[in-house]
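What follows is a set of notes on a single structure, which appears directly below.
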There are 2 protein chains.
Amino acid sequence: MRSYDQYCSIARALDVVGDRWTLLIVRELLLQGPARFTDLKNGLPGIAANLLSTRLRELEQAELISRDDAPPPVATTLYRLTETGLALEPALQALGLWGLRFMTSVRPEDTFRAQWLAYAPEWFVADNAPDAPPATIQLSSADAHAVLEVGAGRVSSHTGAAPDPDLVLDGPPHAVLGLLTGVIDFEQATQLGLATRGRREVLTRLRPIGRAAGSP
Amino acid sequence: MRSYDQYCSIARALDVVGDRWTLLIVRELLLQGPARFTDLKNGLPGIAANLLSTRLRELEQAELISRDDAPPPVATTLYRLTETGLALEPALQALGLWGLRFMTSVRPEDTFRAQWLAYAPEWFVADNAPDAPPATIQLSSADAHAVLEVGAGRVSSHTGAAPDPDLVLDGPPHAVLGLLTGVIDFEQATQLGLATRGRREVLTRLRPIGRAAGSP
DNA sequence: CCGGATCCCCAGGGATACTG
DNA sequence: CAGTATCCCTGGGGATCCGG
């Protein structure tokens, strides 16, 4: 990308990560950890292979990522974030928090991935009752599955399935994520197709950040 | 910009503000407040007029800004951020904080503006001694002037000159801002051309955020 | 002088095909 | 699987011009 040529830290940041797709590549590496070319391409539906290749080269040159040769059983190159790349997490988090307001609109052409189901609660939801016993929630949406664990004041999340969850949330992405992030309430989520199974009261301890405590 | 078509809040955010120049326009409106077309163009050296015009239209359509007709003495249209636009401040702040690491390199072709001198301390510097009496620091760099006021645990800053500052910092942008944001120390700043006048010990109460307390 | 609109040119992105 | 090569086309940069 052509430089903005401005002595301003925002402009400087955009000189490095302002190109199309670049921040989303960093997102995938944050969510997936070290990943292969194909993993990245799969987590970035719509990107052209040559463009991903170009961006990875640029990111390596800017020292946001490194390419390592994985040991024999894998025998492929892995892309991983450097310190500098990892340091982008707060910026992506802030941007994602701002972007939540646009998640209500439904677009049939939207793609969806399990890791996007996982990061939203981890970044945007807080534990309202740190002293209550830990709980596990299974999230399922459009063939994507994630597990949310809340307890001791922390909320963590990862892709996959839980053996014996306290609560199961199943429904279209904007119903599940909309409810968790607080852009819609339970009633609206139900109307959008949310189905629950288990201890529904676990939801009350989850508090979307940026919202007042006590919202359902 | 073409949509990423991903149901992810980061991708959704970038659908809206991912275009070239867009975030810098928001930056200028945050720093300047309601501004005229010409003020914006002046705060965005390098932008083409048609592009600024296009972006403003897109931003208005996305409801990040509104265009208002100023009352008679001014009689021009003012662009101002809406609630949605103002809500981008934390994201710009996080991005700018990350971008600080690239501010050490000096490039002769870089442009500079007084408002960029002002926002950095306000966003990236904390008051180390909330109980000490307030102090005023005059910043001067490349014909840009700003006043930094610290006291009661708060750091604020604005463009312009102070009548009777406790301390004056004068030098090239990367010396003044580098020192304040903690990317270089006092000795390095002096080597880069920093000149001081007044109570130099005021600097010790300023703490660059993201650094350990007690760094000079 | 302010607030753009118009035109031309070129770099950068998108889609597809192909290769080690 | 992990990219590279190619072609096309959109969107940005720069200059100029125009109405209020």
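Here is the naming used below: chain letters follow the sequence lines, and residue numbers restart at 1 for every chain. Just so it is clear, the structure is predicted and the values come from calculations on it, not from any experiment. What you see below is based on every heavy atom in this structure, not just the backbone, and it leaves out hydrogens, waters and symmetry mates.
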query = Distance check: side-chain N/O of B:Arg20 vs OP1/OP2 of D:dG13, anything under 4.0 Å?
reply = yes

ask   = Please give, in whole Å, the distance from C:dA11 P to A:Glu58 CD?
value = 16 Å

ask   = Counting only distance, no hydrogens or angles, is the base of D:dG11 paired donor-acceptor with the side chain of B:Asp19 under 3.5 Å?
value = no

remark   = Result for 5'-nearest mapping on DNA chain C, choosing between A:Arg2 and B:Arg2, is A:Arg2

query = To the nearest Å, how far apart are B:Leu51 CG and C:dG4 C1'?
reply = 13 Å

query = Between atom CG in A:Leu52 and atom P in C:dT16, what is the gap in whole Å?
reply = 17 Å

Protein-nucleotide distance (A:Leu56, atom CG; C:dG13, atom C1'), rounded to Å = 16 Å

query = Parallel, tilted or perpendicular for B:Phe37 and B:Tyr79, by the 30°/60° rule?
reply = tilted

message = How many whole angstroms separate atom CG of A:Leu40 from atom C1' of D:dG3?
response = 13 Å

key: Short side-chain N/O contact from B:Tyr4 to OP1 or OP2 of C:dG13, under 4.0 Å   = no

request  = Report the distance from atom CD1 of B:Ile25 to atom P of D:dG12, rounded to the nearest whole Å.
outcome  = 11 Å

ask   = Looking for any heavy atom pair under 4.0 Å, which part of the strands does A:Thr54 touch: base, sugar-phosphate only, or nothing?
value = nothing

request  = Would you confirm whether A:Thr190, through its side chain, and A:Phe186, through its main-chain N or O, come within 3.5 Å as a donor-acceptor pair?
outcome  = yes

ask   = Among A:Arg113, A:Arg27, A:Glu109, which residue meets the side chain to side chain donor-acceptor pair (under 3.5 Å) test with B:Gln6?
value = A:Arg27

query = According to a strict under-4.0 Å criterion, is B:Trp21 in side-chain N/O contact with OP1 or OP2 of D:dG13?
reply = yes

query = Would one find a side-chain N or O of A:Thr38 under 4.0 angstrom from OP1 or OP2 of D:dA2?
reply = yes

ask   = Rounding to a whole Å, what distance do you find between B:Phe37:CZ and C:dG3:C1'?
value = 6 Å

ask   = Does a nitrogen or oxygen in the side chain of A:Arg67 sit under 4.0 Å from OP1 or OP2 of D:dA2?
value = no

inquiry  = Heavy atoms from C-beta onward define the side chain here; which of C:dG4, D:dT4, C:dC2 lies closest to that of A:Ala49?
reply    = D:dT4

task = For A:Ala48 and for B:Asn50, locate the closest nucleotide of DNA chain C by heavy-atom distance; then report the residue assigned to the nucleotide nearer the 5' terminus.
result = B:Asn50

ask   = How long is the line joining CG of B:Asp5 and C1' of C:dA15, in whole Å?
value = 15 Å

remark   = side-chain contact (heavy atoms from CB on, under 4.5 Å) with B:Ile137: of B:Asp166, B:Val155, B:Leu148, only one passes, and it is B:Leu148

task = Indicate whether OP1 or OP2 belonging to D:dG13 is found under 4.0 Å from a side-chain N or O atom of B:Arg55.
result = no

query = Among D:dG13, C:dG4, C:dG3, which nucleotide sits nearest the side chain of B:Thr76?
reply = C:dG3

message = Does this structure show an ion pair linking B:Glu58 with B:Arg55, if we count only N-O contacts that are shorter than 4.0 Å?
response = yes

